[in-house]
Amino acid sequence: MENNNKVDKYQRIIVLVLLMIVIIPAIILNTVDISPHKLIIQDDIIKVGVKSFKVEDIKTVKLLEDININYRIKGTKTLNYLRGLYAIEGENQDANVYIYRNKSPYIRVEFKDGLLIYNDKNSSDTEKNYEKLVEIVNINKYKK
């Protein structure tokens, strides 16, 4: 009987150790930013993550100091960033969000059929991307 109690005790210890081996890395991976998102402008396409948008579909571009995210519809939410489809306070449509938390400013790009909220880790990079987008919008106005 005493031998069975020792076996049960060792089994519990082994199960706890295995759980810690699985859970601790999962927590760390959820809090570490291992794959940064980046805004890429190529020819007539804007790419962020897996999403692509046509430059000609841009209606407005704004630089915002604050953004109020209501809730996640689908996507990723970590301590460092939000990526995916989110409901935004004050907007009548859901937005494709690619932002680093608490790293203002944010770029708001309204397309004919969608909305993008984006920022970079570095605010100066966000401002440079905003300026590029504004320039693209202005060039497209003259093309029409």
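The structure presented is a predicted model; accordingly, all values stated were derived computationally and were not measured. Sequence positions, counted from 1, serve as the residue numbers for this chain.
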How long is the gap from [atom1] on [X] to [atom2] on [Y], to the nearest 0.5 Å?
| X | Y | atom1 | atom2 | result |
| --- | --- | --- | --- | --- |
| Lys112 | Lys54 | NZ | NZ | 8.5 Å |
| Ile136 | Glu56 | CD1 | CD | 12.5 Å |
| His37 | Thr76 | NE2 | OG1 | 11.5 Å |
| Asp66 | Asn102 | CG | CG | 9.5 Å |
| Arg101 | Leu79 | CZ | CG | 6.5 Å |
| Phe111 | Thr60 | CZ | OG1 | 9.5 Å |

Are [X] and [Y] connected, step by step, through hydrophobic side chains (Ile, Leu, Val, Met, Phe, Trp, Tyr) whose heavy atoms are closer than 4.5 Å?
| X | Y | result |
| --- | --- | --- |
| Leu64 | Tyr130 | no |
| Tyr71 | Leu85 | yes |
| Leu39 | Val134 | yes |
| Ile21 | Ile13 | yes |
| Tyr81 | Val97 | no |

Which heavy atom in [X] sits nearest to a heavy atom in [Y], and how many Å separate them?
| X | Y | result |
| --- | --- | --- |
| Lys38 | Asp125 | NZ-OD2, 4.5 Å |
| Tyr86 | Ile73 | C-CD1, 4.1 Å |
| Val50 | Tyr98 | N-OH, 4.1 Å |
| Ser123 | Ser104 | CB-O, 3.5 Å |
| Ser52 | Ile45 | CB-CG2, 4.0 Å |
| Glu65 | Pro105 | OE2-CB, 3.7 Å |

Requested in this report: Begin with the C-alpha distance, continue with both residues' side-chain angles, and end with the deciding distance and a verdict on side chain to side chain contact (heavy atoms under 4.5 Å, CB included) for Val48 and Asn96.
Outcome: CA-CA 9 Å; Val48 183; Asn96 292 286; over 6 Å; no
Within a strict 4.5 Å, meaning less than it, do heavy atoms of the [X] and [Y] side chains meet?
| X | Y | answer |
| --- | --- | --- |
| Leu115 | Asp94 | no |
| Arg108 | Leu116 | no |
| Leu133 | Ile46 | yes |
| Leu63 | Ile107 | yes |

**Report entry** Any residue meeting ring-ring contact (aromatic ring centres under 6.0 Å, His included) with Tyr106, in chain and number order, not counting sequence neighbours
**Finding:**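 Checked Tyr106 against ring-ring contact (aromatic ring centres under 6.0 Å, His included); zero matches.
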Query raised in the report: Looking at residues at least two apart in the chain, or sitting in another chain, which of them share a side chain to side chain donor-acceptor pair (under 3.5 Å) with Tyr118?
Result: Asp120
Query - Residues Ile88, Ile69; criterion side chain to side chain contact (heavy atoms under 4.5 Å, CB included); working and verdict - result: CA-CA 5 Å; Ile88 308 295; Ile69 307 289; 3.3 Å; yes
**Report entry** Donor-acceptor under 3.5 Å (Asn119 side chain, Tyr100 main chain)
**Finding:** yes
Report task. Please determine, by modelled atom types, if Thr78 and Asn80 share a side-chain donor-acceptor pair under 3.5 angstrom. Result ->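 Checked: Thr78/Asn80 side chains show no N/O donor-acceptor pair below 3.5 Å.
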